[in-house]
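Structure, as structure tokens:
Order of the sequence lines sets the chain letters (A, B, ...), proteins ahead of strands, with each chain counted from 1.
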Amino acid sequence: MNLDELLTKKLLIVSGKGGVGRTTLSLLLALYCAKNNKNVCLVEMSTSERIAPYFGLKSLGYSEVSLAPRLSGIHLTPSDCFEEYIVRQIKFKKLFDTFVNNKFVTYFLNAVPGFNELLMIGKIHDLVVKRKADVGTGPEYDMVIVDGPATGHGVSAFEVPQIVSKAVSMGPLKSQSESILKLIKDPDKCVFCPVTLGEEMPVQECLELVSNIKSKLGISLGPVFFNQFHASPFISSEEEKIEAGCDDIDLGSYYLYGNLKIQKSRMHAHYRDLLLQKWSAINLIPYRADLEPKIESLQKLLEEAF
Amino acid sequence: MNSKLPKNFFDKHNLLLLCGSGGVGKTTISAALALKAALMGYKTLVLTIDPAKRLATSLGIGTITGKPKRIDASLFNKKEDEFFLEAMMLDPKSTFDDLVKQYSPSKEIESKILNNAIYQHLSQMIAGSQEYMAMEKLYEVVSTGSYEVVVIDTPPATHAIDFLEAPQRMINALNHSMIHLLLKPALAIGKSGFKLFEKGSQVVLKLFDRITGFAFLQDISEMLISFKELLGGFTERAEQVKVILDNKKTAFLLVGACEYASVREATSFYQSLKKLGYSLKGILMNRVYPDYKIKNEARVKSDEKLQAQVGAPLAKKMITVYEEGVYMAKRSADLMGELQGQIQDIDFLIQIPQMKNDIHNLDGLLSLCDQI
């Protein structure tokens with residue numbers, strides 16, 4: 001899938017193993033979509049606030065904050081999603097404060113597996129369908145981009161609606177999970193964007209993730225992103241020269257760093273080709289030594305990458 | 001502070017817990033540490049969560065499971081009786097099932113839990129369960145007493161400290177008596193039966209019904225209430241694990257990658273550990289960029305010499321790559337300096353240089369062993 005096609009979607013879920021750069025990619029995609037005249041809401045699902053520092057903020061919080069032209073951000077926490085959901089279900093905030101908002105409920109919340117995930121994905125669903133305050137003027141956001149949780153070999157958060165929908169036969173959680181499923185399974189609206197690094201474990205996990213989301217979840221696969229890709233600046237005859245090395249001690253450093261670069265880019269090319277056996281196109285995000293956690297720094301990378 | 005593992009380290013410490021966030025190379029470093037101990041003649045076990053397939057295959061243990069697997073001594077040119085290394089993988093789902101079987105007071109409760117829809121699909125999502133399972137296995141292997149050194153690769157988490165805090169959180173969540181008091185009625189009744197119960201229960205049950213739906217509520221209640229029967233075992237085990245962790249021979253080690261985030265994490269992990277009454281023994285900082293900087297006064301000459309040797313176009317490229325390398329090395333050095341400024345009272349801080357390739361074979365693992 002190319003990036004133009006991506007712009008027609010409503011919901012992008014960015015996912016991958018811990019440490020591969022999910023937040024970086026989410027930010028790049030958000031900037032890219034906003035640049036293409038989309039109103040974007042960037043959603044953070046992790047426990048630590050990683051997006052806020054890019055914009056010089058301490059935290060995003062649970063209300064949608066404007067970050068840049070056409071770009072808003074929100075940080076989802078289970079307890080905020082819980083309160084919002086419950087207040088809607090029971091209609092009275094006061095009832096919530098009296099009966100539900102206490103230590104007991106916090107424990108309950110933690111003890112029910114998958115409940116947090118379901119509520120958070122429910123909130124994402126609400127953001128996608130949210131309308132502007134003025135009646136009849138269309139959706140609040142053209143696109144919602146989710147900086148998703150890290151994947152592991154266990155159950156991923158986005159499997160939860162499916163499981164709950166199967167395990168529950170009726171009631172509000174059933175209808176909640178059904179409407180989420182309808183959205184995330186619609187290939188015209190929602191796609192998964194896996195991110196990987198050029199190392200064995202992330203690539204392996206990326207491959208597993210992709211076969212899982214297709215077979216288990218029925219979510220469509222969007223573009224695959226290869227983060228921090230080292231391209232060799234050398235042509236092959238030059239590589240040979242550098243690899244042959246030189247005896248001159250004064251020049252050793254150039255050759256050592258040159259060889260490090262060659263090995264790294266060769267490894268990355270290997271993993272790129274491995275991924276290309278599965279997919280016809282991989283989006284390479286070039287490695288930048290001077291990347292800083294600042295939005296200006298990402299803007300530069302954006303111009304290079306997309 | 002040492003820059004290598006102290007010589008007598010495995011005499012002083014027989015249980016090594018490697019903590020750190022995901023993607024820093026914790027699993028590979030755990031394997032290297034275990035191999036080092038085994039090569040020094042200690043009977044060693046490494047318990048890992050998520051081994052890289054190629055590395056496991058090259059160790060001849062491609063299909064490691066929940067049972068310890070012995071690694072062939074001949075791979076390292078050792079005799080069978082002078083090299084003992086076993087590897088074991090943590091499978092949270094099957095460990096959890098085993099626990100349910102072990103702690104259930106009756107067959108009835110056991111099958112009630114194992115057949116519960118919520119448990120079957122979502123038990124791995126009980127917050128903290130992976131960490132709890134790792135602790136459970138830790139207890140199991142330590143209490144067999146058959147190893148001289150045990151290396152534990154903790155589950156990947158956002159925060160390194162989760163491994164210590166998450167199990168208790170899980171027990172708390174399952175244990176909270178209010179849940180049981182309030183949910184018990186949900187099991188016994190049909191939807192119309194709420195009026196049978198006292199007012200407080202009634203209101204909350206109705207609320208939960210509206211929040212979750214009755215069938216779900218019933219499944220949750222059943223699971224949580226059956227779990228209560230196991231809690232005695234869970235809590236007792238958590239206490240026993242605490243005794244092991246308190247032991248002077250247990251060492252907490254932190255693995256990081258040489259990046260901004262890792263330095264921040266190291267500092268916060270170090271402080272959180274202190275608060276819990278444990279101390280950090282050492283840090284292994286991975287992917288430190290090697291420093292090959294040429295002295296400033298020699299640069300112009302060297303550049304010219306390079307140009308003469310390889311021609312201007314290639315020299316230009318090599319110089320760009322060189323400068324990028326120097327930049328990275330400086331950043332690594334700055335980060336390490338910052339770290340050393342913040343954390344002083346640890347036994348060692350080992351810098352592991354950026355490797356050219358993935359570590360996926362014995363040679364790679366052995367060279368990593370030499371680095372630590």
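- Expressed to the nearest 0.5 Å, how far CD of Glu324(B) lies from NE2 of His230(A) amounts to 6.5 Å.
- Panel note: side chain Lys317(B), backbone Pro233(A); a donor-acceptor pair is recorded below 3.5 Å.
- Going from atom CZ of Phe234(A) over to atom CE of Met318(B) covers 6.0 Å, rounded to the nearest 0.5 Å.
- Among Ile242(A), Val20(A), Ile262(A), the residue making the largest number of heavy-atom pairs under 4.5 Å with chain B is Ile242(A).
- Within the 4.5 Å cutoff, no side-chain heavy atoms of Val321(B) are placed close to those of Tyr254(A).
- The candidate from Lys264(A), Lys17(A), Gln176(A), Lys166(A) with the greatest count of non-hydrogen atom pairs under 4.5 Å with chain B is Lys264(A).
- Using a 4.5 Å cut-off between heavy atoms, Glu117(A) touches chain B through its side chain atoms alone.
- Atom-to-atom distance recorded for Tyr322(B):OH and Leu260(A):CG is 14.0 Å, nearest 0.5 angstrom.
- Both the backbone and the side chain of Asp290(A) come within contact range of chain B, judged by heavy atoms closer than 4.5 Å.
- Only the side chain of Tyr289(B) comes within contact range of chain A, judged by heavy atoms closer than 4.5 Å.
- Put simply, CG on Leu251(A) and CD on Gln309(B) are 5.5 Å apart, with the number rounded to the nearest 0.5 Å.
- Neither the backbone nor the side chain of Leu197(A) comes within less than 4.5 Å of any heavy atom of chain B.
- In this structure, Lys301(B) does not pair ionically with Asp250(A), as no charged nitrogen and carboxylate oxygen lie closer than 4.0 Å.
- Taking the side chain as every heavy atom from C-beta outward, Tyr255(A) and Leu306(B) approach each other to under 4.5 Å.
- Heavy-atom minimum distance, Ala289(A) versus Met328(B): CB-SD, 3.7 Å.
- In terms of heavy-atom proximity, Asp291(B) sits nearest to Tyr257(A) at CA-OH, 3.6 Å.
- The contact between Lys241(A) and chain B is made entirely by side chain atoms (from C-beta outward), counting heavy-atom distances below 4.5 Å.
- For chain A, the nearby parts of Val310(B) are the backbone and the side chain; heavy atoms of each come within less than 4.5 Å.
- In this structure, the separation between OG on Ser302(B) and CD1 on Ile249(A) is 11.5 Å, given to the nearest 0.5 Å.
- In terms of heavy atoms, Arg331(B) sits closest to Leu291(A) at NH1-O, 4.0 Å.
- Put simply, the side chain of Ser253(A) never gets that close to the backbone of Lys293(B): no donor and acceptor are under 3.5 Å apart.
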